Amino acid sequence: MAHSISLTTRRCCSSRLFSAVTTRHFTVSALRHDSQDPRVSDLGPTIKDDYASIRAKYQSPQNPIVLAHGLLGFDELHLVGKLLPGVHYWRGITEALKANNIEVILTSVPPSASIEERAAKLSHDIERKAHGKSVNIVAHSMGGLDARYMISRLKPPNVKVLSLTTVASPHRGSAFADYVFDQIGPENLPRMYRALQLMRIETGAFSQLTRRYMMKDFNPKTPDREGVRYFSYGAMATPPLWSAFRQPHRIVETEEGPNDGLVSVASSRWGTYKGTLVDVSHLDLINWTNRLRWLVWEMTGNKRNFNAIAFYLNIADMIAQEGY
């Protein structure tokens, strides 16, 4: 079922948050990604162009793949009724997985509700759609936190999770979330929340994405569950000057090091770390890449280094090789 929140409302929410961030001038020098920066050693395996194109053959896992979306996400969004095609969070990814004979379960949780609420809805969707089958969860961004909470703390009896693969999930929070709350200030926070609630936007998620909450509260209380395999990927990119992610990237970079515009590599690592995708942004990871940018690059002789569809097909292949 398509989510009812309109794209206009989400843009309004985003603009308010970004305006709070940009009320003060913020200047840091760019981090040099070379051997002299000690944080570069924390990147793990770097993946530069392994997923630039789609291979001819991928293995298919024995069990369904559940796709869990991130903050402000949805499964399919209809802006002008259901007569016209909707906007998909997983652009082209679901269709590509299905075309390779992979059973896919789409989930839709409250876009900006608390992890607890989102995890409960995730559990409900899986139980309703998996029909008793064991599943492998692949989660983008905050979806990885929802899945971890569901597996570790809800332990739904009718949901059997074999593996969880997180993609740029903020397992240790994000410095950008810290910065937003610092800029808003505790005295203005109730007003901000009331404004969002008047627009029918849940607010539970925002404070839970801070580094303090994730490291002092969430992680100690949410241990990995025995019998479930945990895999993760991170990403790093430098947004262009005109990108809305330029400021968040600089904030996260100065506090945490290389990042994809919102989530640092260090925060993304959980379980078996499969590697850091180089020159890939947070939205590139779900195939929301700017098509015009790649057209210009190709016209100037540059080759595309990342294809999100190839990436998720490879995750499915990896899960299949693990025997799940």
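These numbers come from a predicted model, not from an experiment.
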- Are I65 and I137 close enough, and set up right, to give a side-chain contact (heavy atoms from CB on, under 4.5 Å), and what steps lead you there? CA-CA 6 Å; I65 284 181; I137 301 177; over 6 Å; no

- Do N287 side-chain atoms and L285 backbone N/O form a donor-acceptor pair below 3.5 Å? no

- Query: Where the side chain of T107 meets the backbone of L67, is there a donor-acceptor pair that is under 3.5 Å apart?
  - Reply: yes

- Would the W270 and F231 ring centres measure less than 6.0 Å apart? no

- Query: Should R148 and N219 be marked as a side-chain hydrogen bond (donor to acceptor under 3.5 Å, both in side chains) after you check the CA-CA gap, both sets of side-chain angles, and the distance that decides it?
  - Reply: CA-CA 10 Å; R148 283 181 54 205; N219 286 338; 2.9 Å; yes

- Do the side chains of V109 and D146 get nearer than 4.5 Å, heavy atoms only? yes

- Over 60° means perpendicular and under 30° means parallel, so classify the ring planes of F218 and Y213, tilted if in between. tilted

- Interatomic distance, Q62 atom CD to Y324 atom OH [nearest 0.5 angstrom]: 10.5 Å

- Check whether any side-chain heavy atom of K133 lies under 4.5 Å from a side-chain heavy atom of K160, and answer yes or no. no

- Query: Taking everything shown except K155 itself, do over 12 heavy atoms lie less than 6.0 Å from its NZ?
  - Reply: yes

- The side-chain contact (heavy atoms from CB on, under 4.5 Å) partner of R118 among H69, M150, Q208 is H69

- Taking the side chain as every heavy atom from C-beta outward, state whether I105 and V135 have any pair of such atoms under 4.5 Å apart. yes

- Provide the closest heavy-atom pair for A139 versus G144 in the form atom of the first, atom of the second, distance. CB-N, 3.3 Å

- Given the rule in the side-chain hydrogen bond (donor to acceptor under 3.5 Å, both in side chains) test, do H249 and T238 qualify, once you have shown the distances and angles that lead to the verdict? CA-CA 7 Å; H249 176 271; T238 302; 4.5 Å; no

- So, do T272 and Y230 sit near enough that their side-chain heavy atoms are less than 4.5 Å apart? no

- Item | 4.5 Å side-chain heavy-atom contact, H140 and W90 | yes

- Item | Residue pair L122 / D125, side-chain heavy-atom distance below 4.5 Å | no

- Message: For the backbone of R269 and the side chain of R172, can you confirm whether one donor and one acceptor N or O come within less than 3.5 Å of each other?
- Response: yes

- Assess the pair Y273 and Y233: is the distance between their ring centroids shorter than 6.0 Å? no

- Task: Could you tell me the separation between the CG atom of D178 and the CD atom of Q183, rounded to the nearest 0.5 Å?
- Result: 11.5 Å

- Item | Under 3.5 Å: donor-acceptor pair, side chain of R246, backbone of P239 | yes

- Item | Derivation and outcome, side-chain contact (heavy atoms from CB on, under 4.5 Å), residues T254 and R250 | CA-CA 6 Å; T254 195; R250 294 171 69 186; over 6 Å; no

- Message: Please find the pair of heavy atoms, one from P64 and one from S134, that lie closest to each other, and give the distance.
- Response: CD-O, 3.1 Å

- Query: Would a 4.5 Å heavy-atom cut-off, applied to side chains only, mark E202 and E117 as touching?
  - Reply: no

- Message: Please check this pair: side chain of S264 against backbone of N259, looking for a donor-acceptor N/O pair closer than 3.5 Å.
- Response: no

- Query: If you round to the nearest 0.5 Å, how far is CG of L43 from CG of L277?
  - Reply: 11.5 Å

- Does the side chain of N100 pick up a donor-acceptor pair with the side chain of S60 at under 3.5 Å? no

- Query: Got a donor-acceptor contact below 3.5 angstrom from the S267 side chain to the G173 backbone?
  - Reply: yes

- Task: Quickly, which of V161, N136, I319 forms a side-chain contact (heavy atoms from CB on, under 4.5 Å) with N63? Name it, please.
- Result: N136

- Query: Between the side chain of D260 and the main-chain N/O of V263, is any donor-acceptor distance below 3.5 Å?
  - Reply: yes

- S174 (side chain) donor-acceptor with F176 (main chain) under 3.5 angstrom: yes

- CA sep, side-chain torsions, deciding dist, call: E103, K98, salt bridge (Lys or Arg N to Asp or Glu O under 4.0 Å): CA-CA 6 Å; E103 185 177 351; K98 289 180 177 179; over 6 Å; no

- Nearest heavy-atom neighbours spanning G261 and P248: O-CB, 3.2 Å

- Query: Going by atom types only, do S268 and H171 share a side-chain donor-acceptor pair under 3.5 Å?
  - Reply: no

- Task: Assess whether atom CZ of R212 is packed by more than 12 heavy atoms of other residues, nucleotides or ligands within 6.0 Å.
- Result: no

- Message: Using the rule given for side-chain contact (heavy atoms from CB on, under 4.5 Å), can you reason through L164 versus I151, listing the C-alpha separation, both sets of side-chain angles and the distance that settles it, and then say yes or no?
- Response: CA-CA 9 Å; L164 169 61; I151 294 166; 4.2 Å; yes

- Verify the cluster assignment for V265 and M215: are they in a single hydrophobic cluster under the rule of side-chain heavy atoms below 4.5 Å apart? no

- Query: Can you name the closest pair of heavy atoms from I93 and A308 and give their distance?
  - Reply: CD1-CB, 4.5 Å

- Gap between atom CD1 of I47 and atom CG of N314 - 0.5 Å precision: 8.0 Å

- Please answer: with hydrophobic residues joined when any side-chain heavy atoms are less than 4.5 Å apart, are L154 and L162 in the same cluster? yes

- Message: Strictly distance-based, threshold 3.5 Å: is any side-chain N or O of D279 a donor or acceptor partner for the main-chain N or O of M236?
- Response: no

- Message: side-chain contact (heavy atoms from CB on, under 4.5 Å), that's the test. Do S163 and E322 meet it? Break it down for me.
- Response: CA-CA 10 Å; S163 70; E322 293 287 342; over 6 Å; no

- Examine distances only and state if a side-chain atom of R91 and a backbone atom of I286 form a donor-acceptor pair shorter than 3.5 Å. no

- Message: Would you say that more than 12 heavy atoms from the other residues, nucleotides or ligands in this model lie under 6.0 Å from the NZ of K121, or not?
- Response: yes

- Query: Between F311 and Y51, what is the ring plane arrangement, given parallel below 30°, perpendicular above 60°, and tilted in between?
  - Reply: tilted

- Query: Do D317 and Q59 meet the criterion of a side-chain donor-acceptor pair at a distance under 3.5 Å?
  - Reply: no

- Nearest non-hydrogen partners of S141 and S169, listed with the distance: O-OG, 2.6 Å

- Message: Give me the atom names and distance for the closest heavy-atom approach of S53 to A310.
- Response: O-CB, 3.4 Å

- Are M214 and T210 side-chain neighbours, meaning at least one heavy-atom pair lies under 4.5 Å? no

